Protein chains: 2
Amino acid sequence: MTLYGGQGDPARTMALLWRAHSPATEDAPRQRTGRAAPGPKQGLTVDAIIEAAIAVADADGMDRLSMRAVGDRLGTSAMALYTYVPSKRELVDLMYDHAHAGWPQTYPTGDAPRSAVLAWADDLWDRYLRHPWLLQVSYARPVLGPHEQSVLESLLGILHGADLPPQSLRPGVSALFHLVRGAAQTAAEGRAAAAATGTSDQQWWTERSALLARLAPDFASRFPHSTALGGASSDMDYDPVRQARRALDGGLRLLLDGLLPPDD
Amino acid sequence: MTLYGGQGDPARTMALLWRAHSPATEDAPRQRTGRAAPGPKQGLTVDAIIEAAIAVADADGMDRLSMRAVGDRLGTSAMALYTYVPSKRELVDLMYDHAHAGWPQTYPTGDAPRSAVLAWADDLWDRYLRHPWLLQVSYARPVLGPHEQSVLESLLGILHGADLPPQSLRPGVSALFHLVRGAAQTAAEGRAAAAATGTSDQQWWTERSALLARLAPDFASRFPHSTALGGASSDMDYDPVRQARRALDGGLRLLLDGLLPPDD
DNA sequence: GACAACTCCGTACGCCGTAAGCTAATGTCT
DNA sequence: AGACATTAGCTTACGGCGTACGGAGTTGTC
């Protein structure tokens, strides 16, 4: 199920999200009271925690991400993290933003906004497949961090050059995000399913068909169009990542036909 | 985080999914051994469990859906459910399919496939907003039940009439699903956030802006396009559901411009 | 030297999914 | 009628989770 973000204390979360990037708030829980700073030195940093958490999620998946697991990786306990991070939810928010770091500031457009959009989508697709747990964090979250913001900003930069009808901008942006995200999710989950069950994609698919044929022998007559669509041609590609990627490319083509003038 | 479905024993899951709809397997765990049926009468049914679980998810959200909660609602314990359903994962799969029940078999197309697609998308949007937890179940799941299958089948029926280039069919279908699902997710989560915090959408938005202005005073110069996009006009609509719906309508328009000939 | 502020973190609580196994009910077979 | 295999229902319990709470130890200021 989707993990909803942005639910803790918004001020605290946003301070953490924008902390290093803002000239105003230098850093740290330490600074919260305006006064000095007694007490032991801090042994961890928020960034170290974020990176450890991302490492856990990348390696073992979001299901296995727990405060205890992050603590283990850092050689401490789960509770030690709570000095730096108010809760797991906030940590996920921070992970989410951090995983979008290093995004290109701009994409070369020239006279070809279409290929720039495709490059942007390709980068986002890569990012999602590299950190599939990103797709399990709600993207309707309203607490945006600086790195996520860059992803949006770079797309807007591309579209700014193309002369869109102004009322197409917002829907176009939403649609592009939804398409990439949806396709990447399909790909990531197909890949994960194959890895989890250990059966090849083709093998798995034929087993499923046999089962369906037995349980629902009238399938073909009840769902003729689905049957036609699923009809396996001999050169069928069972790899879920390639399938999803092809669907994404096609979907982007259709959408951009409606959105942009053709590159030339 | 997204709950991955379709991971239990596929044969058992599919038998449950297609059970009532198939002439072959009459029903029930009872029947699994070919032999007769000693032991106490069964006091529950799979359908009752599914419906109770959906009621819990509708009322309290997916986070609060637990086997114990479903058991409580049925006046029994959590463990009593395991006679009927192999695990929570399978139960979620069954819930997912069941929540798509009653889908229109066909949409009137006439010469207007475009409006038929829009009606289909509208129905799906409604369904998602009525059962927002559906959006937290992965839709890349390959174990399809009969009701989900009808959703796809009806769309294919519409598109069959329009003469699409054949290579546009799959990407078009994927894109339509992704658009509706993405928009509904944005809407549902915005709605949930407003309900959870108790602040009005407008109030919440202005607080967020003030916070951002303080933490990242250089926001406008670093993200000029985002700033321009977010620029609040006086007649701005803060309601997240309406916003997402408008984005969906616009996105569908763009996509269908690329996909279909205009209705007339 | 006193004290306040702070970090660190062990313990514990109430959740969760579900494995294991007992009890009692029911059918078939002798 | 009685024996017995099979099954549903359910209790108990285990190992996980997020995190509240509070004690212990460390560091700065007065």
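Numbered from 1 within each chain, the chains take letters A, B, ... in sequence-line order. For clarity, every value in this text was computed on a predicted model and none was experimentally measured.
Partners of B/Trp103 according to the side chain to side chain donor-acceptor pair (under 3.5 Å) rule, which considers only residues two or more places apart in sequence or in another chain, are B/Ser154. Here A/Phe219 pairs with A/Phe223, B/Trp18 under the ring-ring contact (aromatic ring centres under 6.0 Å, His included) rule; sequence neighbours left out. Evaluation of the salt bridge (charged side-chain N to carboxylate O under 4.0 Å, His left out) rule for B/Arg181 yields no partner, not counting sequence neighbours. For A/His98, the ring-ring contact (aromatic ring centres under 6.0 Å, His included) test picks out no residue, with sequence neighbours left out. Listed by chain and number, the residues in a side chain to side chain donor-acceptor pair (under 3.5 Å) with B/Glu153 are A/His225, A/Ser226 (sequence neighbours excluded). Considering only residues two or more places apart in sequence or on other chains, A/Asp58 meets the side chain to side chain donor-acceptor pair (under 3.5 Å) condition with A/His131, A/Trp133. Partners of B/Arg242 according to the side chain to side chain donor-acceptor pair (under 3.5 Å) rule, which considers only residues two or more places apart in sequence or in another chain, are B/Asp237.
What separates CG of A/Leu81 from P of D/dT19 is a distance of 11 Å, to the nearest Å. Regarding B/Tyr84, its OH atom lies at a distance of 18 Å from the P atom of C/dT18, rounded to whole Å. Rounded to an integer number of Å, the gap from A/Leu44 CG to C/dC6 C1' is 15 Å. As a whole-Å value, the separation of B/Asp72 CG from C/dC16 C1' is 13 Å. The CE atom of A/Met79 sits 14 Å away from the P atom of C/dT7 (whole-angstrom rounding). Separating the CE atom of B/Met62 from the P atom of C/dC16 is a distance of 14 Å, rounded to the nearest angstrom.
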For nucleotides 16-18 of chain D, give me every protein contact, N/O to N/O, under 3.5 Å, one pair per line with atom names.
| unit_1 | atom_1 | unit_2 | atom_2 | d |
| --- | --- | --- | --- | --- |
| D/dC17 | OP1 | A/Ser66 | OG | 3.0 |
| D/dG18 | OP1 | A/Lys88 | NZ | 2.8 |
| D/dG18 | OP2 | A/Met67 | N | 3.0 |
| D/dG18 | N7 | A/Arg68 | NH2 | 2.5 |
| D/dG18 | O6 | A/Arg68 | NH2 | 2.9 |

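More than 12 heavy atoms of other shown residues, nucleotides or ligands fall within 6.0 angstrom of atom CZ in B/Arg130.
Axis angle, first five pairs versus last five pairs of the helix from C/dG1-D/dC30 to C/dT30-D/dA1: 20°, rounded to 10°.
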